[in-house]
K.L.:
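Quick one: structure below, then a few questions.
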Amino acid sequence: QVQLVESGGGSVQAGGSLRLSCAASGRAFSRHARGWFRQTPGKEREFVAAVSWSGSNTVYADSVKGRFTISRENAGNLVYLQMNSLKPEDTAVYYCAEDVDSSYHGVDYQAASYDYWGQGTQVTVSP
């Protein structure tokens, strides 16, 4: 059973930055696409960004394009979400997820395509 562990959440003021990390426990590498999603109370989980197994393809939600950057390293096991120019509307619990059926260059924005999920990390942006 894969366990994804997120870290790096916290509280910042608007305009600030945070970097989220996601690692798969018990693995030295990953051969699957990974994505970041976020959720606020009473709302559905929302796609944020995803990166292919190869690391060469990325996709972003329009709301974060130009401000957030997803990347991966360490044989693909570590995936990061660099979040700059944060806004109060970015406040949410952020989840890392893995798509085990992804192709080498494939990325997907649909939550239903992801098989494993982390526990989430809270990001709070104050005005």
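Worth saying up front: this structure is predicted, and the values here are computed from it rather than measured. Only heavy atoms go into these numbers, but all of them, side chains included; no hydrogens, no water, no symmetry mates. Here, residue 1 is the first one in the sequence, and each next residue gets the next number.
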K.L.:
Go through the structure and list residues passing side-chain contact (heavy atoms from CB on, under 4.5 Å) with Thr69, not counting sequence neighbours.
P.N.:
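Checked Thr69 against side-chain contact (heavy atoms from CB on, under 4.5 Å); matches are Tyr60, Gln82.
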K.L.:
In terms of hydrophobic clusters joined by side-chain contacts under 4.5 Å, are Val125 and Leu18 together?
P.N.:
yes
K.L.:
Is a donor on one side and an acceptor on the other found under 3.5 Å between the side chain of Thr40 and the backbone of Lys43?
P.N.:
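Side chain of Thr40 to backbone of Lys43: no pair is present.
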K.L.:
Has the side chain of Arg67 got a donor or acceptor atom that lies under 3.5 Å from a matching backbone atom of Ser85?
P.N.:
yes
K.L.:
Report yes or no: do Trp117 and Val93 belong to one cluster of Ile/Leu/Val/Met/Phe/Trp/Tyr joined by side chain heavy-atom distances under 4.5 Å?
P.N.:
yes
K.L.:
When rounded to the nearest 0.5 angstrom, what distance separates OG1 in Thr58 from CZ in Arg72?
P.N.:
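So the gap between those two atoms works out to 12.0 Å.
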K.L.:
So, the side chain of Asp115 versus the backbone of Asp99: is there a donor-acceptor pair under 3.5 Å, distance only?
P.N.:
no
K.L.:
Ring centroids only, cut at 6.0 angstrom: are Phe37 and Tyr95 within range, meaning strictly under it?
P.N.:
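No, too far apart.
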K.L.:
Identify the two heavy atoms, one from Ser102 and one from Ala33, that lie closest to each other, and give their separation to 0.1 Å.
P.N.:
OG-N, 2.8 Å
K.L.:
Minimum heavy-atom separation for Arg38 to Ala92, with atom names?
P.N.:
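Heavy atoms of Arg38 and Ala92 come nearest at CB-CB, 3.7 Å.
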K.L.:
Against the six-membered ring of Trp53, is Arg34 placed for a cation-pi contact (under 6.0 Å from the centre, within 45° of the normal)?
P.N.:
no
K.L.:
Apply the test side chain to side chain donor-acceptor pair (under 3.5 Å) to residues Ser54 and His105: give CA-CA distance (whole Å), side-chain angles for both, the deciding distance (0.1 Å), then the verdict.
P.N.:
CA-CA 6 Å; Ser54 66; His105 294 299; 2.9 Å; yes
K.L.:
If hydrophobic clusters are built by linking Ile, Leu, Val, Met, Phe, Trp and Tyr wherever their side-chain heavy atoms come under 4.5 Å apart, do Val100 and Leu4 end up in the same one?
P.N.:
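Cluster IDs for Val100 and Leu4 match.
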K.L.:
Would you compute the distance between atom SG of Cys22 and atom CG of Leu78 and round it to the nearest 0.5 angstrom?
P.N.:
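Spacing of SG (Cys22) from CG (Leu78) equals 8.5 Å.
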K.L.:
Any link between Val107 and Trp36 through a network of hydrophobic side chains (Ile, Leu, Val, Met, Phe, Trp, Tyr) touching at under 4.5 Å?
P.N.:
no
K.L.:
Quick check on Gln13: does its CD atom have over 12 non-hydrogen neighbours (other residues, nucleotides or ligands) under 6.0 Å away?
P.N.:
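No, because the 6.0 Å sphere around CD of Gln13 holds 12 heavy atoms or fewer from other groups.
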K.L.:
Between Tyr114 and Asp108, is there a donor-acceptor pair closer than 3.5 Å when you use the side chain of the first and the backbone of the second?
P.N.:
yes
K.L.:
Just by distance, do the side chain of Glu6 and the backbone of Cys96 share a donor-acceptor pair under 3.5 Å?
P.N.:
yes
K.L.:
Measure the spacing between CZ of Phe68 and CG of Asn84 and express it to the nearest 0.5 Å.
P.N.:
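Rounded to the nearest 0.5 Å, the CZ-CG separation comes to 8.5 Å.
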K.L.:
For Asn57, does its backbone N or O pair with a side-chain atom of Ser52 as donor and acceptor, under 3.5 Å?
P.N.:
yes
K.L.:
Is the backbone N or O of Gln3 less than 3.5 Å from a side-chain atom of Ser25, with the two atoms forming a donor-acceptor pair by type?
P.N.:
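Here the side-chain-to-backbone pair exists.
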K.L.:
When you group the ILVMFWY residues by side-chain heavy-atom contacts below 4.5 Å and let the links chain together, are Val48 and Leu86 in the same group?
P.N.:
yes
K.L.:
So, do Met83 and Leu20 sit near enough that their side-chain heavy atoms are less than 4.5 Å apart?
P.N.:
yes
K.L.:
Locate the shortest heavy-atom distance separating Glu46 from Ser63; write the atom from each residue and the value.
P.N.:
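It is OE2-OG, 4.1 Å.
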K.L.:
Grab the two heavy atoms, one from Gly9 and one from Val123, that are nearest each other, plus how far apart they are.
P.N.:
CA-CG2, 4.2 Å
K.L.:
Determine the minimum heavy-atom distance between Pro88 and Pro127, stating which atoms define it.
P.N.:
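Pro88 and Pro127 have their closest heavy atoms at CG-CA, 4.0 Å.
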K.L.:
Does Arg19 count as lying over the ring of Tyr80, i.e. NZ or CZ under 6.0 Å from the six-ring centre, within 45 degrees of the axis?
P.N.:
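That pair qualifies as a cation-pi contact.
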K.L.:
Would you say that more than 12 heavy atoms from the other residues, nucleotides or ligands in this model lie under 6.0 Å from the CD of Gln122, or not?
P.N.:
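For Gln122, atom CD is crowded (more than 12 foreign heavy atoms under 6.0 Å).
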K.L.:
Is it the case that over 12 heavy atoms from other parts of the model lie below 6.0 angstrom from the CD atom of Glu44?
P.N.:
no
K.L.:
Take Asp90 and Lys87 through the salt bridge (charged side-chain N to carboxylate O under 4.0 Å, His left out) test and state the conclusion after the steps.
P.N.:
CA-CA 5 Å; Asp90 294 319; Lys87 304 175 180 180; over 6 Å; no
